[in-house]
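Working notes, beginning with the structure itself.
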Amino acid sequence: MTKTPRLPDVPAKPSLAGLEAKWSQRWDETGVYRFDRSRPRAEVFSIDTPPPTVSGSLHVGHVFSYTHTDTVARYQRMRGREVFYPMGWDDNGLPTERRVQNHFGVRCDPALPYDPDFTPPAKPGREQIPVSRRNFIELCERLTSTDERAFEELWQQLGLSVDWSMTYQTIGSTARAISQRAFLRNLTRGEAYLAEAPTLWDVTFRTAVAQAELEDRERPGAFHQLLFSRPDGGAPVEIGTTRPELLPACVALVAHPEDTRYQPLFGSTVRTPVFGVEVPVLAHRLADPEKGTGIAMVCTFGDTTDVVWWRELRLATRPVLGWDGRFGAEPPAGLESERARAAYSRLAGATVHTGRERMVAMLRESGELLGEPRPISHPVKFYEKGDKPLEIVTTRQWYLRNGGRDDRLRAELLSRGAELSWHPEHMKVRYDSWVGGLNGDWLVSRQRFFGVPIPLWYPLDGTGHPVYDRPLVPAESALPIDPSTDTPDGFTPDQRDRPGGFTGDPDVMDTWATSSLTPQIAARWGVDDDLFARVFPMDLRPQAHEIIRTWLFSSVVRAHAEHDVLPWRHAGISGWILDPDRKKMSKSVGNVVTPADLLDQHGSDAVRYWAASGRPGTDTAFDVGQMKIGRRLAIKVLNASRFVLSLGVPAGAARVTGPLDAAMLAELAETVRAATEAFDAFDYTRALERTEQFFWHFCDDYVELVKARAYGEQGERAAESARCALVTALSTLLRLFAPFLPFATEEVWSWWQDGSVHRAAWPTADELRQLAGPVDRAVLTTAAQVIAGVRRAKSEARVSMRADVARAVITGSRGALDLLALAEHDVRAAGRIASVEAVVARDGQLAVAVTF
C-alpha cells in the first residue's frame with residue numbers, strides 16, 4: 001500500500017468547479033511537466049507532437065486527438081520515463097495568409113517597398129490594400145502570435161501535460177534555419193533539384209500543388225463529341241472530351257496499340273477542329289478502348305495523363321493557360337495560320353469557363369460538334385484548400401526525391417514503413433499504398449509569401465537572365481536567410497536584379513517541407529546537440545490517418561535522407577470526429593464544434609473521457625452523451641474518494657486479512673495488468689474501459705459490501721482490513737484514472753498525498769497480489785452476485801433497500817457456496833439479512849430467495 005505522509009484533508013462537498021484553473025496554475029508554478037534534460041536517452045520518452053495550424057480557432061477534433069497523445073504522455077511519465085512533450089505552432093502557409101488577408105483587408109504585392117509606418121485599416125473594406133512582402137509577413141506574425149496565446153490557454157484548460165517552456169513555431173528563426181539547412185544538404189546530396197516541367201497549379205492562389213495535396217471532388221461537366229478531319233479526305237475521327245476549350249493546346253490523338261479501329265491511323269495525321277492544325281495519331285498503352293470513342297486528344301495540359309503521354313511520346317508543347325487561369329494573349333507555337341490565329345483571338349484573355357463556352361460556339365459554327373454536349377458528373381482534381389479546379393501549367397519548381405521516380409528509393413521507404421510500429425497495425429496499409437502509388441517526386445516550392453524561403457540566389461548573366469544551374473548557396477552558419485532581402489557573399493545589395501549581379505529565389509517551401517522536420521525542429525537539431533541526442537529518434541508520432549501520406553511519409557523521407565533512421569519508433573493514429581450525419585467535422589464544411597464551450601459546460605475531464613473513448617485509428621461520433629457520462633464518472637471519483645478517506649487512513653503496519661478484501665485487491669491487480677498491457681500497446685481506450693469497469697464494480701459492490709465492517713461493526717481488526725483495502729484501491733484507481741481525468745484525480749490526491757499524482761509511480765499488479773496473498777478472486781464476484789439478488793428481490797417487493805431480510809436461501813454449486821461463506825458476514829451486513837441458508841443446487845446455478 002502507498003505510504004501517506006499526512007492525514008486526509010477532505011472537503012465537505014467536493015466539486016469539479018474551478019479545478020481546471022486551480023490545477024493548471026499549480027502545475028505551471030511547480031513544473032510538474034517540466035522536461036528534465038539530465039536524464040539519459042534510455043530513460044526518456046519523446047513525442048513528436050503535432051503542431052496545430054494557427055489560423056483561427058481550434059475545433060473539437062483537435063481536443064479529440066491531442067487527448068489521446070496526452071494520455072500516453074501521462075502514462076509514460078508515471079512509468080518513470082522523463083517525457084519530452086513540446087508543443088509547436090504550424091503558422092506558415094496558405095491558411096495563415098488567407099486569414100491575414102481577410103482579417104486585415106490586405107494582399108501581398110512583392111513589388112512594393114517596405115513601409116515601416118504601415119498600419120492596417122481598423123475595418124477592412126471591400127478592396128484589399130496591397131502591401132509589401134515584409135509588411136505582409138509582419139501582419140502574419142502579429143496575428144499568429146495572438147492565436148497562439150489563445151490556443152495555449154485552451155490546451156491548458158484541457159489539461160495537456162506539455163512542457164510550455166519548449167514551444168516552437170514552424171516559421172520561427174530556429175525552424176527556418178533547420179528547414180533551410182536540411183534543404184541545402186538535400187541539394188548537396190542531389191536529393192533536391194530544380195526542374196521546369198508541367199505542374200499542377202491552383203489559379204486562385206497562383207501556386208504549385210504537390211500530389212499529396214490533391215483531392216477529387218465530384219463536379220458537373222459535359223461530354224462533347226468533336227470531329228477531327230483527315231488530310232486524305234477520309235471519314236473524320238470522332239473524339240469525346242470534357243475540355244473542348246483546350247483544342248488550341250492539342251498536340252496528338254492517342255489510341256491503344258491493340259485497338260483495331262485505329263491501327264490504320266497510327267503514324268498518320270489529322271486536323272484539329274476550328275484551328276485546322278495537323279497533329280499525329282499515335283499508340284499508347286494508357287489509352288482506354290472502353291472510354292468514349294476509344295481515342296483521346298492529348299493537350300498540353302488537360303490532366304496528368306496528358307503529361308505522361310507528352311513525356312513518353314515526346315510531343316510538342318502548346319501551353320495556352322497562364323498562372324492566372326486565363327488564356328494567354330498570344331496563341332502558342334503551332335497556331336501560325338490565319339485561321340488558327342483568328343480562332344484563338346476569340347479565346348485570348350478568357351477564363352476557362354468562358355473559353356469553354358466560346359469554343360463550343362465556334363465548334364457549332366464550323367459544324368465540327370457532333371450533337372449537343374451531354375451532361376455528366378465526374379471527379380475533378382482540386383487543391384485541398386482551393387475553390388477552383390486545378391490546371392496544369394509549365395513552371396520551374398524545386399523537387400525532393402521521394403521514390404516516385406526511383407524504384408530503389410521507393411523500396412527503401414517501404415522498408416522504413418515496415419520498421420515502424422503502427423497503432424493500430426492496419427494503418428500501415430495506407431502508407432504502403434501511398435508510397436507504391438507515387439508517380440513523381442515531391443514538389444516542395446510554393447509561390448507564396450509567408451513561409452520558409454528557398455535559401456538560394458542565382459547569378460544573372462549579361463542580359464539579366466538567371467543562371468539556374470549555378471545557384472549561390474549560403475553557409476550553414478548564416479542561416480536562416482531570406483534571399484529577397486539578404487545579399488550573397490561576393491555581391492553588394494545594389495547588384496540585386498541587375499545584369500551581372502544576382503537575384504533571390506522568390507519561392508518559399510511547401511508547409512510540409514517544414515512540418516516534415518518537426519522531430520528535428522523540436523529536438524533543435526544542429527542548435528542544441530545535447531538535447532537532440534537525448535530525444536532523437538523520437539518514440540511516438542501521434543497524428544490523424546488522413547495525413548499519413550503527407551506528414552508521416554514526408555517525415556520518413558527527410559529522416560531517411562539526413563539521418564538514415566526512422567524519425568520515431570511508433571506511430572499512434574487517431575480517427576476523425578464525425579457529425580450526427582456521420583460526416584467528417586471540418587472547418588471547410590462548417591460543421592465543426594469549438595471546444596471552449598464544451599469544456600466550460602461539461603468540464604475538461606468529461607470531454608477528455610469522451611475523447612479517450614474513441615479507439616485508436618477509428619472515426620468517432622461527436623457525442624455529448626458520452627461527455628455527460630464522463631462528468632458523472634469524475635464526480636463519482638470525488639465522492640467515492642471522500643467516503644473512503646472519511647474512514648481514516650490506516651497506519652503503515654495495517655494488513656489485509658479479510659478474504660473479500662483480498663479478493664478485491666486480486667481483481668484490481670488483474671485490472672492493473674490489463675490496463676498496463678493496453679497502454680504499452682498504445683490502446684488508451686482499452687485501458688480506460690478496464691479501469692472504469694472495475695471502478696463501478698468497486699463502488700457498487702465492494703464498497704457497499706464492506707461499508708458496515710469498515711465502520712467497525714465487526715471489530716477493529718476486521719475494520720482495519722477493510723480500510724486498508726479501500727485506501728489501497730483508491731490510491732491505485734486514482735493512478736489508473738490520472739491519464740484520463742487529470743483534474744479530479746489530482747484534486748483527490750492532494751487531500752491526502754504530497755506531490756502530484758501525475759509524478760506518482762504507476763501501480764503494478766505484483767504489489768497488489770503480494771498484499772492480497774493467495775486468494776480466489778471469485779470471492780468478490782460471488783458475494784456481488786448474491787447481494788445483487790437480494791437487491792433485486794427488494795426491488796420486486798417494492799421495499800426499501802434498507803429493509804431487513806429475515807432469511808435468505810442461497811442455492812448454487814458447492815464451490816460457490818464455499819466462496820460465499822468467506823464473505824458471509826459482509827453479505828449479511830450489506831443486505832441486512834438475519835440468517836443465511838446455503839443449499840447445494842443440482843444445476844450449479846447461483847440463485848437467491850429471501851423472506852422479509
Side-chain angles (χ1 to χ4, degrees), residues 636 639-640 643-644 646-648 650 656-668 693-730 772-773 775-852:
K636 186 67 175 180
N639 291 332
F643 167 75
V644 170
S646 69
L647 297 170
V656 171
T657 56
L660 188 65
D661 307 328
M664 181 274 293
L665 293 178
E667 187 70 37
L668 180 55
Q693 182 182 28
F694 177 86
F695 176 73
W696 289 114
H697 181 37
F698 171 77
C699 293
D700 294 343
D701 297 324
Y702 176 75
V703 170
E704 294 303 316
L705 282 165
V706 302
K707 187 179 292 184
R709 177 156 56 89
Y711 281 136
E713 293 181 9
Q714 296 178 29
E716 190 55 31
R717 186 169 181 270
E720 280 293 306
S721 176
R723 293 169 190 163
C724 182
L726 284 165
V727 169
T728 300
L730 177 61
V775 66
D776 192 329
R777 288 186 286 132
V779 172
L780 176 58
T781 304
T782 304
Q785 288 177 323
V786 171
I787 201 63
V790 173
R791 291 172 183 157
R792 188 164 49 250
K794 290 182 178 181
S795 178
E796 291 171 353
R798 297 185 178 181
V799 300
S800 167
M801 289 296 131
R802 298 187 59 79
D804 291 332
V805 174
R807 183 166 172 265
V809 177
I810 317 297
T811 57
S813 67
R814 180 74 270 167
L817 296 177
D818 289 343
L819 292 172
L820 177 62
L822 298 174
E824 183 178 330
H825 288 296
D826 292 322
V827 171
R828 288 175 58 189
R832 301 178 70 88
I833 304 168
S835 67
V836 171
E837 180 181 351
V839 178
V840 177
R842 292 181 179 179
D843 60 6
Q845 295 296 313
L846 193 66
V848 179
V850 303
T851 303
F852 296 102

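Remember, predicted model here, so these are calculated numbers, not experimental data.
Considering only residues two or more places apart in sequence or on other chains, F694 meets the ring-ring contact (aromatic ring centres under 6.0 Å, His included) condition with none of them. Contacts of R832 classified as side-chain hydrogen bond (donor to acceptor under 3.5 Å, both in side chains), with partners at least two apart in sequence or in another chain: D804. Legend: residues meeting side chain to side chain contact (heavy atoms under 4.5 Å, CB included) with I833, ordered by chain and number and at least two apart, are V790, V805, A808, V827, R828, V836. For the side chain to side chain contact (heavy atoms under 4.5 Å, CB included) test, residues two or more places apart in sequence or in another chain that qualify with T657 are R655, R717, S721. Considering only residues two or more places apart in sequence or on other chains, A834 meets the side chain to side chain contact (heavy atoms under 4.5 Å, CB included) condition with none of them. Annotation: side-chain hydrogen bond (donor to acceptor under 3.5 Å, both in side chains) contacts of H697 (sequence neighbours excluded): D701. E796 pairs by the side-chain hydrogen bond (donor to acceptor under 3.5 Å, both in side chains) definition with nothing, not counting sequence neighbours.
Here the closest non-hydrogen pair linking A662 and V775 is O-CG1, 3.6 Å. Considering all non-hydrogen atoms of both residues, V799 and A803 come closest at CG2-CB, 3.9 Å. Closest of all the heavy-atom pairs between A729 and L665 is N-CD2, 4.4 Å. Nearest heavy atom pair, residue V656 against residue A725, reads CG2-N, 4.1 Å.
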Can L647 and V727 be said to form a side-chain contact (heavy atoms from CB on, under 4.5 Å), step by step?
CA-CA 9 Å; L647 297 170; V727 169; over 6 Å; no
Please determine whether side-chain contact (heavy atoms from CB on, under 4.5 Å) holds for the pair M664 and E667, giving the CA-CA distance in whole Å, both sets of side-chain angles, and the decisive distance to 0.1 Å.
CA-CA 5 Å; M664 181 274 293; E667 187 70 37; 5.6 Å; no
Test L822 against L660 for side-chain contact (heavy atoms from CB on, under 4.5 Å), laying out the working first.
CA-CA 7 Å; L822 298 174; L660 188 65; over 6 Å; no
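Between the side chain of S646 and the main chain of F643, a donor-acceptor pair closer than 3.5 Å is present. Side-chain atoms of T728 come within 3.5 Å of backbone N or O of C724 as a donor-acceptor pair. Proximity of a side-chain donor or acceptor of K794 to a complementary backbone N or O of G831 within less than 3.5 Å is detected.
Rounded to the nearest 0.5 Å, atoms CG (L705) and CG (D700) are 10.5 Å apart. Here the CZ atom belonging to F698 is positioned 6.5 Å from the CG atom belonging to L730, to the nearest 0.5 angstrom.
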For residues 811-821, which side-chain donor-acceptor pairs fall under 3.5 Å, sequence neighbours excluded?
residue: S813; atom: OG; partner: A816; partner atom: N; Å: 3.2
residue: R814; atom: NE; partner: D818; partner atom: OD1; Å: 3.3
residue: R814; atom: NH2; partner: D818; partner atom: OD1; Å: 3.4

What side-chain donor-acceptor pairs closer than 3.5 Å can you find for residues 707-714, not counting sequence neighbours?
residue: K707; atom: NZ; partner: E704; partner atom: OE2; Å: 3.3
residue: R709; atom: NE; partner: D826; partner atom: OD1; Å: 2.8
residue: R709; atom: NE; partner: D826; partner atom: OD2; Å: 3.3
residue: R709; atom: NH1; partner: D661; partner atom: OD2; Å: 2.8
residue: R709; atom: NH1; partner: A718; partner atom: O; Å: 3.1
residue: R709; atom: NH2; partner: D661; partner atom: OD1; Å: 2.8
residue: R709; atom: NH2; partner: D661; partner atom: OD2; Å: 3.3
residue: R709; atom: NH2; partner: D826; partner atom: OD2; Å: 2.9
residue: Q714; atom: NE2; partner: D826; partner atom: OD1; Å: 3.4

